[in-house]
Protein chains: 2
Amino acid sequence: MAEQRIPRATAKRLPIYYRYLNILLDADKTRVSSTELSEAVKVDSATIRRDFSYFGALGKRGYGYDVPKLIEFFKKILNQDQLTNVALVGVGNLGHALLNFNFHQNSNVRISAAFDVNDNIVNTVQSGVPIYPLSEMGKQLRDQQIAIAIITVPENTAQEVTDELAKADVRGILNFTPRRLSVPDSIRVQNVDLTNELQTLIYFIDNYGELLGGNEKSQD
Amino acid sequence: MAEQRIPRATAKRLPIYYRYLNILLDADKTRVSSTELSEAVKVDSATIRRDFSYFGALGKRGYGYDVPKLIEFFKKILNQDQLTNVALVGVGNLGHALLNFNFHQNSNVRISAAFDVNDNIVNTVQSGVPIYPLSEMGKQLRDQQIAIAIITVPENTAQEVTDELAKADVRGILNFTPRRLSVPDSIRVQNVDLTNELQTLIYFIDNYGELLGGNEKSQD
DNA sequence: GCGGTCTTGTTAGCTTAATCACAACGACAA
DNA sequence: TTGTCGTTGTGATTAAGCTAACAAGACCGC
């Protein structure tokens with residue numbers, strides 16, 4: 001086991017594999033080949049085999065991969081064997097939807113605290129999650145040992161909220177605002193920009209017409 | 001002008017540039033350098049210059065780029081000079097949030113029709129958008145000439161809805177379900193998987209610790 | 001136990017993307 | 001007008017990722 005760092009591209013595919021493997025298990029399939037998996041997740045079968053091989057020889061030649069075994073393996077890799085608590089900052093339109101979004105249904109993650117400036121909801125419980133005033137954010141995050149935050153605040157406050165999160169030693173931020181955040185090296189940012197996604201989609205449609213696989217290769 | 005296809009990676013950055021340029025203009029800045037832009041959007045300055053150069057010589061040496069000119073240019077490239085109507089399929093938790101999400105605020109896109117199976121909301125207007133029964137989807141999409149759909153339906157119905165969209169000659173799908181869709185070559189799919197994003201973030205935090213730039217390079 | 005069949009793991013080649021580094025050129029001051 | 005300074009545009013290089021192709025090895029029917 002060379003114990004080298006997994007390529008970034010591979011890492012991003014792991015959750016996709018993990019989820020589909022669970023779907024297979026739910027359907028009582030205990031065995032799967034890279035070709036079969038390939039069709040379901042739209043990733044080339046060679047890429048799948050290569051991805052898996054970074055973790056050692058997980059499959060059996062002439063047979064394929066054992067689904068339960070693979071799931072157990074990825075569960076640990078992805079830290080899904082323990083519950084991860086996450087904070088939500090900004091309980092507006094989108095924030096509210098995320099409170100109701102059942103992350104816990106297919107992953108061991110849940111939003112355990114939320115923060116907002118709106119006095120009408122502060123100190124209430126929404127969808128089972130307590131809403132604290134923004135001013136208490138640092139304290140609560142430290143007390144509850146929360147290391148990951150989702151931010152759905154107005155874009156012009158995104159950076160200042162981020163700075164506060166940094167002070168509270170948060171390690172990861174899922175950023176739904178369109179701003180690209182400045183953070184210290186200790187924090188990892190993952191951007192989800194809905195407007196961007198739509199614009200990109202439109203651009204591709206208008207410029208990368210039918211010619212050369214609109215699909216089956218590199219979806220998204 | 002070599003008129004060759006823009007690299008995929010470049011295309012995905014265009015909306016990011018476009019948005020930040022607009023922010024600059026709002027702040028009455030009419031001039032920007034690749035270095036300055038680089039800091040704001042977290043993309044290497046050489047990459048920015050190269051990206052821009054695919055479209056010809058847009059800047060001036062020793063000066064930088066003219067913001068209004070650049071905006072005008074990208075506006076056309078990104079099809080933002082005309083309104084794009086989009087359909088929403090599945091008006092549940094997340095779907096509702098997207099209806100309220102103001103795409104039109106920073107892009108020339110709007111949701112102009114929505115579809116659902118829930119009789120309680122079908123044939124009503126939600127957030128200014130009419131909700132039609134799913135059974136009318138094909139007809140409405142064709143009548144209204146809508147070529148792009150956002151799907152926020154339960155995952156087990158994602159594929160069948162997709163098949164219907166394909167029949168209605170939709171060209172692009174923004175897929176919020178965790179399933180990877182099978183589509184004909186004429187359709188482009190862009191996936192947004194929230195659970196995935198969180199899992200990826202967690203994985204990176206646990207495995208790509210501080211060492212070697214948690215940030216400043218390749219956010220997301 | 002044997003032969004044919006299947007599927008992995010991996011090598012090698014290829015494609016795409018990111019970055020360095022600098023000559024070319026326009027801006028701007030004097 | 002001339003010289004300096006700043007910033008672009010781009011050739012060259014390095015890095016990352018993808019995929020074809022196949023030998024090695026395990027399964028399974030007989």
Side-chain angles (χ1 to χ4, degrees), chain A residues 1-2 4-14 16-17 21 24 29-67 69-70 73 200 204 208 212-213 215-220, chain B residues 1-2 4-14 16-17 21 24 29-67 69-70 73 200 204 208 212-213 215-220:
Chain A
M1 194 181 290
Q4 58 166 28
R5 187 80 110 275
I6 299 313
R8 187 182 285 279
T10 296
K12 287 203 254 185
R13 284 187 290 265
L14 297 182
I16 302 174
Y17 299 144
L21 288 170
L24 281 180
K29 290 208 58 167
T30 59
R31 167 184 171 174
V32 70
S33 71
S34 57
T35 316
E36 199 182 343
L37 204 47
S38 169
E39 282 162 24
V41 300
K42 317 293 185 208
V43 172
D44 185 275
S45 68
T47 300
I48 292 179
R49 291 199 297 280
R50 152 107 48 220
D51 283 348
F52 286 6
S53 77
Y54 286 118
F55 300 99
L58 300 177
K60 285 185 213 167
R61 288 163 199 252
Y63 177 90
Y65 299 90
D66 182 71
V67 176
K69 180 181 160 194
L70 226 41
F73 193 83
T200 300
F204 277 137
Y208 288 58
L212 220 165
N215 181 43
E216 303 306 344
K217 36 189 57 200
S218 77
Q219 231 175 66
D220 77 358
Chain B
M1 195 182 288
Q4 59 167 22
R5 188 77 110 276
I6 297 316
R8 186 183 284 279
T10 296
K12 288 204 254 182
R13 285 187 290 264
L14 297 182
I16 302 174
Y17 298 144
L21 288 170
L24 281 181
K29 289 209 58 166
T30 59
R31 167 184 172 174
V32 70
S33 71
S34 59
T35 317
E36 199 182 342
L37 205 47
S38 170
E39 282 161 24
V41 299
K42 318 290 183 209
V43 172
D44 185 273
S45 69
T47 300
I48 292 180
R49 291 198 299 280
R50 160 108 41 214
D51 283 349
F52 286 5
S53 78
Y54 287 118
F55 300 100
L58 300 177
K60 285 185 213 167
R61 289 163 199 250
Y63 177 89
Y65 298 89
D66 182 71
V67 176
K69 181 181 159 193
L70 225 42
F73 192 83
T200 301
F204 278 137
Y208 287 60
L212 222 167
N215 178 46
E216 299 310 340
K217 32 190 62 201
S218 80
Q219 232 173 66
D220 79 354

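Computation of the quantities below employed the complete heavy-atom set of this structure, encompassing side-chain atoms and omitting hydrogens, waters and symmetry-equivalent molecules. In what follows, every chain begins at residue 1, and chains take the letters A, B, ... in the order their sequences are listed.
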Q: Indicate, with a heavy-atom threshold strictly under 4.0 Å, whether B:Thr10 touches base, sugar-phosphate, or nothing.
A: nothing
Q: Can you tell me the distance, in whole Å, between the CD atom of A:Glu36 and the P atom of C:dT8?
A: 10 Å
Q. What is the nucleic acid contact for B:Tyr65, judged by heavy atoms within less than 4.0 Å: base, sugar-phosphate only, or nothing?
A. sugar-phosphate
Q: With side chain to side chain contact (heavy atoms under 4.5 Å, CB included) as the test, would you mind laying out the steps for B:Tyr17 and B:Val43 before giving the verdict?
A: CA-CA 10 Å; B:Tyr17 298 144; B:Val43 172; 3.7 Å; yes
Q.
Given the ring of A:Tyr65, does A:Arg49 sit roughly above its face, with NZ or CZ under 6.0 Å from the centre of the six-membered ring and within 45° of the axis?
A. no
**Q.** Length of the CD1-C1' vector between B:Ile48 and D:dT7, whole Å
**A.** 13 Å
Q) What nucleotide, of C:dT7, C:dA17, D:dT7, holds the atom closest to the side chain of A:Ser33? A) C:dT7
Q: Could you say whether A:Ser53 or A:Tyr63 is positioned toward the 5' end of DNA chain C, judged by the nucleotide with the nearest heavy atom to each?
A: A:Tyr63
Q. Listed by chain and number, what are the salt bridge (charged side-chain N to carboxylate O under 4.0 Å, His left out) partners of A:Arg13, not counting sequence neighbours?
A. A:Asp51
**Q.** CZ on B:Phe52 to OG1 on B:Thr47, rounded to 0.5 Å
**A.** 11.5 Å
Q: Report the distance from atom CZ of A:Arg8 to atom C1' of C:dA18, rounded to the nearest whole Å.
A: 12 Å
Q. Could you give the CG-to-P distance, from B:Asp51 to D:dT10, as a whole number of Å?
A. 13 Å
Q.
Measure CG/B:Leu58 against P/D:dG9 and give the value in whole Å, please.
A. 7 Å
Q: Calculate the interatomic distance between A:Lys42 atom NZ and D:dC18 atom P; express it in whole Å.
A: 17 Å
Q) Roughly, in whole Å, what's the span from NZ in A:Lys12 to P in D:dA16? A) 14 Å
**Q.** Distance below 4.0 Å between A:Arg61 side-chain N/O and C:dT10 OP1 or OP2
**A.** no
Q: Verify the contact: side-chain N or O of A:Thr47 to OP1 or OP2 of D:dT19, cut-off strictly under 4.0 Å; return yes or no.
A: yes
Q.
I'd like to know if A:Arg50 reaches the base of D:dT19 with its side chain, counting only an N/O donor and acceptor under 3.5 Å.
A. yes
Q. Between C:dG9, D:dT8, C:dT7, which nucleotide gets closest to the side-chain atoms of A:Arg31?
A. C:dT7
Q: Output the single nucleotide from C:dA27, D:dG11, D:dT8 whose closest atom is nearest the side chain of B:Ser34.
A: D:dT8
Q. Given that B:Gly64 and A:Ala46 both sit by DNA chain D, which one's nearest nucleotide is further toward the 5' end?
A. B:Gly64
(Q) Just the rounded figure in Å: distance from P of C:dT5 to NZ of A:Lys60. (A) 22 Å
Q | Under the salt bridge (charged side-chain N to carboxylate O under 4.0 Å, His left out) test, residues paired with A:Lys60 that sit two or more places apart | A | none
**Q.** N/O (side chain, A:Arg13) to phosphate O (OP1/OP2, D:dC18) under 4.0 Å
**A.** yes
